[in-house]
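Predicted, not measured: the structure shown is a model, and the values here were computed from it. Order of appearance sets the numbers: ligands from 1, and atoms from 1 within every ligand. Here, residue 1 is the first one in the sequence, and each next residue gets the next number.
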Amino acid sequence: MTPITEQDGVWRLDGVDLHALADAVGTPTYVYSSATIRARIAELQQAVRGLDARICYAVKANPNLAVLALMAHAGLGADIVSGGELQRALRAGIPAQRIVFSGVGKTEAEIVAAVEAGIWRFNIESRDELHLLCRVSSRLGTLVNAALRLNPDVDARTHAKISTGRAQNKFGVDRDEAWRCFADAAECAYVRLDGLHMHIGSQIVELDPFREALGHVAGFRKELDAAGYPVRSIDVGGGLGVRYALHAPAPVPVQDYADAIRSAFADFDGTLVLEPGRWLVADAGILLTRVIRVKPGAERPFLILDAGMNDLLRPALYDAWHGIVPLHAREASTRRYDVVGPVCESSDTFAVDRDLPMCGAGDLVAILGAGAYGASMASTYNSRPLPAEVLVDAGCHAVVRERQTVEAMLAGEAARGPGIEPAP
Ligand SMILES: Cc1ncc(COP(=O)(O)O)c(C=O)c1O
Ligand SMILES: N[C@@H](CCCC[NH3+])C(=O)O
């Protein structure tokens, strides 16, 4: 849960007055707590102590350069999935030698950029990709490290849209294809395929799916070793869930998760890699938004916010539950609202039938647990400029991404084209 606090009617995050912040920066604005991110990093580092483990933060969860700089400062690496994320990670000061590159659709241009940058390793997702990597690295005369993503066919028991470890999902390869990949790689002088990778999904709140998948990978590692393909690194992916709602089941404690990894690879003396995203940043962020108006509805009043599904897509896309806290002085009376945005479709809904203190136009509202997959999935749908992002720490704040201007949103477009008459 995002640690916003209230004292004498003043709501704060990391000591920063959220009303004053909203007045200064406007809304909607994402606000991230540095202290929470640092605490999460430290907790995870502590949980894996004693293991030869590298933590490569999954950039997609929150790719803001300032957030990446916090990760860099703590010594973390990065898990990237695109050429854009490569540039972000490097620009934030994450050394190339701490970067792993995942994804089923890496293009030749992205592979070239990553080889030239000198990243640590590629997480290969298909035989075709392996062959492409071999061609590129041979052409460039650069030896590259690679791990093969195994699809363990495990049900992560999370939302279907963010489940990635079933046989029918597009990710990784099955064992038969994996054997072919190791055999092919042995023929390529410029690809050292000596790692395994897995990632079975996101927002996983039970330990069993992790255990099952780790067991598959550990078993396959032994088979590879016995067949003369020594494995020197195992990347266990990310996926550790957080608690978005108090009524939701408590997620796996991070120490239990780390211990499951420890026990699955007790007899492995190579390097382990973790790729956490959400767990490091989700609770650190809120989306600060104002009530535009309250509108009567057939079932309940609508609380219409100035943030929409374009700013925070998770409720619309996954029916995700986020805490919603009105930040005005405590109202004794509550009401049940449908909390919605201004966008032109009914999926633009943050909460249905939510019991909240009575709200009115202009009231400030915090949507909690918005630090992961919030700003990173924002769009300009309905031609709504991207929201601002702010980092707070010990009573200070910095705008770490300016609110997009309409001019910036329109940059690169023009009202002309074939068959279009010049405007009168
Ligand atoms: C390959 C890979 N690694 C790591 C992550 C990070 O996942 P999470 O944010 O659930 O920790 C993802 C996204 O789910 C991913 O696709
Ligand atoms: N975007 C998803 C997580 C997907 C993780 C990507 N591999 C979410 O908001 O929960």
Worksheet item: Between Y318 and ligand 2, does any nitrogen or oxygen pair lie at a separation below 3.5 Å?
Response: yes

Discussion item. Tell me whether R221 forms a cation-pi arrangement with F265, defined as NZ or CZ under 6.0 Å from the six-membered ring centre and within 45 degrees of its axis.
Written reply: no

Worksheet item: Does a side-chain heavy-atom distance below 4.5 Å link W11 with V325?
Response: yes

Discussion item. Strictly below 4.0 Å, N to O, side chains only: are R290 and D306 in salt-bridge contact?
Written reply: no

Worksheet item: Which word best sums up how the rings of Y229 and F182 line up, parallel for under 30°, tilted for 30 to 60°, or perpendicular for over 60°?
Response: tilted

Worksheet item: Quick one: do E177 and R180 make a salt bridge, cutoff under 4.0 Å?
Response: yes

What short N/O contacts, under 3.5 Å, does ligand 1 make with the protein, listed by atom pair and distance?
unit_1	atom_1	unit_2	atom_2	d
ligand 1	3 (N)	D79	OD2	3.1
ligand 1	3 (N)	E275	OE1	2.6
ligand 1	9 (O)	R278	N	2.8
ligand 1	9 (O)	Y373	OH	2.6
ligand 1	10 (O)	S202	OG	2.4
ligand 1	10 (O)	G239	N	3.3
ligand 1	11 (O)	G239	N	2.8
ligand 1	11 (O)	G277	N	2.9
ligand 1	14 (O)	H199	NE2	2.7
ligand 1	16 (O)	K60	NZ	2.8

Worksheet item: Can we say D259 and R262 salt-bridge, meaning some charged N sits less than 4.0 Å from an Asp/Glu carboxylate O?
Response: yes

Item to complete: Quick one: do R121 and D235 satisfy salt bridge (charged side-chain N to carboxylate O under 4.0 Å, His left out)? Show the steps, please.
Response: CA-CA 11 Å; R121 64 177 53 240; D235 184 331; over 6 Å; no

Worksheet item: Of all the non-hydrogen atoms in the protein, which one sits nearest to atom 10 (O) of ligand 2, and at what distance?
Response: R278 NH2, 2.8 Å

Worksheet item: Can a salt bridge be assigned to the pair E129 and K106 using a cut-off of 4.0 Å between side-chain N and carboxylate O?
Response: yes

Worksheet item: Which ligand 2 atoms are under 4.0 Å away from a heavy-atom of M377?
Response: 1 (N), 9 (O)

Worksheet entry | Protein contact of atom 6 (C) of ligand 2 - nearest heavy atom, named by residue and atom, plus distance | K60 CD, 3.8 Å

Discussion item. Check this for me, if you would: do D153 and R175 make a salt bridge, where the nitrogen-to-carboxylate-oxygen distance has to be below 4.0 angstrom?
Written reply: no

Worksheet entry | Which residue and heavy atom of the protein sit nearest atom 4 (C) of ligand 2, plus the separation | I162 CG2, 3.6 Å

Worksheet item: For atom 9 (O) of ligand 2, which protein heavy atom lies nearest, and how many Å away is it?
Response: R314 NE, 2.7 Å

